[in-house]
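Notes for the one structure printed next.
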Amino acid sequence: MKLIVIVGITGTQGGSVANVFLSEPGWRIRGITRDLTQETSKNLEARGVEMVAGDIDNPASLIPAFEGAHAIFGVTDFWQPVLHPENTVPLPPDKPLDQACYDLELQRGKNIANAAANVSTLERFVFSSVQSVKKWSKGKYSRAYHFESKAAVVDYIKESLPDLSKKMSVVHIGIYATNWKLFSFLGPQK
């Protein structure tokens with residue numbers, strides 16, 4: 001059986017990837033989480049997912065988590081330090097929030113990619129990203145940091161990790177259909 005390792009398995013994207021692979025014959029799933037005791041982790045384990053401790057802020061923890069993977073799904077969350085500050089490293093107080101979140105997300109993406117690049121069994125690396133708004137608007141929109149950080153990770157992989165880049169697929173998910181549940185202004189308006 002082949003092994004897929006999913007970063008962010010307790011979130012929307014990683015959870016969706018797990019749901020697909022749970023019904024896909026010939027695959028085992030390993031999920032990475034900071035907290036193995038949380039209910040989501042236990043529920044995934046009960047469904048047959050091997051859950052392991054790992055932290056994208058601690059690159060050394062990703063090495064054993066990725067061991068033996070044939071596929072790795074990687075995702076980062078720009079908004080996590082804002083929406084769940086208890087689950088993140090402290091942001092530097094001397095930087096604007098958007099820039100600090102950009103820097104953190106870029107580093108987390110690099111951490112995932114650098115660890116994945118050293119997996120000898122890896123056949124496919126899937127990274128969830130979005131396009132550079134600054135690039136495609138020809139500089140008109142230069143402060144969409146939540147897009148730019150993800151695009152910068154892909155650029156880093158292409159420029160610095162060419163062997164991983166050859167195994168990489170990039171999925172672009174601009175917005176979730178369920179975001180209106182979290183942010184009412186995105187929902188139906190009367």
Side-chain angles (χ1 to χ4, degrees), residues 3-22 27-93 95 97-119 121-122 124-130 145-146 149-150 152-154 156-157 161 164 168 171 173 176 178-179 181-183:
L3 173 64
I4 183 168
V5 177
I6 303 173
V7 176
I9 195 165
T10 61
T12 303
Q13 285 188 55
S16 294
V17 173
N19 286 336
V20 169
F21 277 87
L22 279 166
W27 285 90
R28 293 183 305 121
I29 303 169
R30 180 181 299 150
I32 299 175
T33 183
R34 286 182 307 275
D35 185 359
L36 292 169
T37 64
Q38 69 176 313
E39 188 174 331
T40 310
S41 297
K42 291 178 180 180
N43 290 340
L44 286 162
E45 238 173 5
R47 294 174 62 202
V49 175
E50 174 195 0
M51 295 297 293
V52 298
D55 186 340
I56 58 177
D57 291 320
N58 177 3
S61 73
L62 300 177
I63 305 293
F66 287 172
E67 188 176 333
H70 297 94
I72 296 172
F73 176 81
V75 62
T76 55
D77 182 358
F78 179 91
W79 301 107
Q80 190 253 354
V82 176
L83 299 175
H84 303 285
E86 71 280 3
N87 292 336
T88 193
V89 295
L91 296 176
K95 280 192 177 178
L97 184 60
D98 51 6
Q99 184 64 52
C101 289
Y102 170 96
D103 292 345
L104 182 60
E105 184 171 37
L106 175 58
Q107 186 58 57
R108 287 173 166 177
K110 287 179 176 182
N111 292 348
I112 294 166
N114 289 334
N118 291 305
V119 178
T121 55
L122 189 66
R124 179 61 48 199
F125 176 68
V126 179
F127 188 73
S128 178
S129 186
V130 288
Y145 291 108
H146 58 298
S149 50
K150 286 176 173 49
V153 173
V154 173
Y156 169 78
I157 294 167
L161 302 169
L164 182 63
M168 180 173 63
V171 60
I173 300 174
Y176 306 136
T178 56
N179 275 4
K181 293 178 183 178
L182 296 171
F183 307 105

Query raised in the report: So, for Y102 and Y145, which heavy atoms are closest and what is the spacing to 0.1 Å?
Result: CD1-O, 3.8 Å
**Report entry** side chain to side chain contact (heavy atoms under 4.5 Å, CB included) partners of P90, counting only residues at least two apart
**Finding:** none
Report summary line: Rounded to the nearest 0.5 angstrom, the CZ-OG distance for F66 and S61 is 8.5 Å
Query - Closest non-hydrogen atom pair between C101 and V82, with its separation - result: SG-CG2, 3.9 Å
Query raised in the report: Which value, rounded to the nearest 0.5 Å, describes the distance between D35 atom CG and M51 atom CE?
Result: 9.5 Å
Query raised in the report: With side chains defined as the heavy atoms from C-beta onward, is the minimum distance between F125 and V119 less than 4.5 Å?
Result: no
Query raised in the report: Is the closest side-chain donor-acceptor distance between Q107 and D103 under 3.5 Å?
Result: no
Query raised in the report: When rounded to the nearest 0.5 angstrom, what is the spacing between CG in D77 and NZ in K150?
Result: 6.5 Å
Requested in this report: Test Y156 against N114 for side-chain contact (heavy atoms from CB on, under 4.5 Å), laying out the working first.
Outcome: CA-CA 10 Å; Y156 169 78; N114 289 334; 2.7 Å; yes
**Report entry** Sub-4.5 Å side-chain heavy-atom contact between D57 and L104
**Finding:** yes
Query raised in the report: For residues R47 and N19, is any side-chain donor paired with an opposing acceptor at under 3.5 Å?
Result: yes
Report summary line: So CD of E105 and CD1 of I56: to nearest 0.5 Å the spacing works out to 8.5 Å
Report task. Please report the shortest heavy-atom distance between L3 and E67, naming the atom on each side. Result -> CD2-O, 3.8 Å
Query - Distance in Å, L44 CG paired with I9 CD1, rounded so as to fall on 0.5 Å steps - result: 5.0 Å
Query raised in the report: Going by heavy atoms in the side chains, are L106 and K110 under 4.5 Å from each other?
Result: yes
Query raised in the report: Is there a side-chain contact between I32 and V52 (heavy atoms, below 4.5 Å)?
Result: yes
Query - Closest non-hydrogen atom pair, L164 against A113 - result: CD2-O, 3.4 Å
Report summary line: Shortest non-hydrogen pair, V49 vs G31, comes out as CG1-N, 3.8 Å
Query - Stepwise side-chain contact (heavy atoms from CB on, under 4.5 Å) test for V153 and I112 - result: CA-CA 10 Å; V153 173; I112 294 166; over 6 Å; no
Report summary line: Sorted by chain and residue number, the side chain to side chain contact (heavy atoms under 4.5 Å, CB included) partners of V154 (sequence neighbours excluded) come out as F127, S129, K158, M168, V170
Query raised in the report: Angle class for the H70/W27 ring planes (parallel below 30°, perpendicular above 60°, tilted otherwise)?
Result: perpendicular
Query - From T33 atom OG1 to I6 atom CD1, the distance as rounded to the nearest 0.5 Å - result: 12.5 Å
Query raised in the report: Is there a donor-acceptor pair under 3.5 Å between the side chain of T121 and the backbone N or O of A69?
Result: yes
Report summary line: Closest non-hydrogen atoms of K42 and L36, given as atom of the first, atom of the second and distance, are CG-O, 4.1 Å
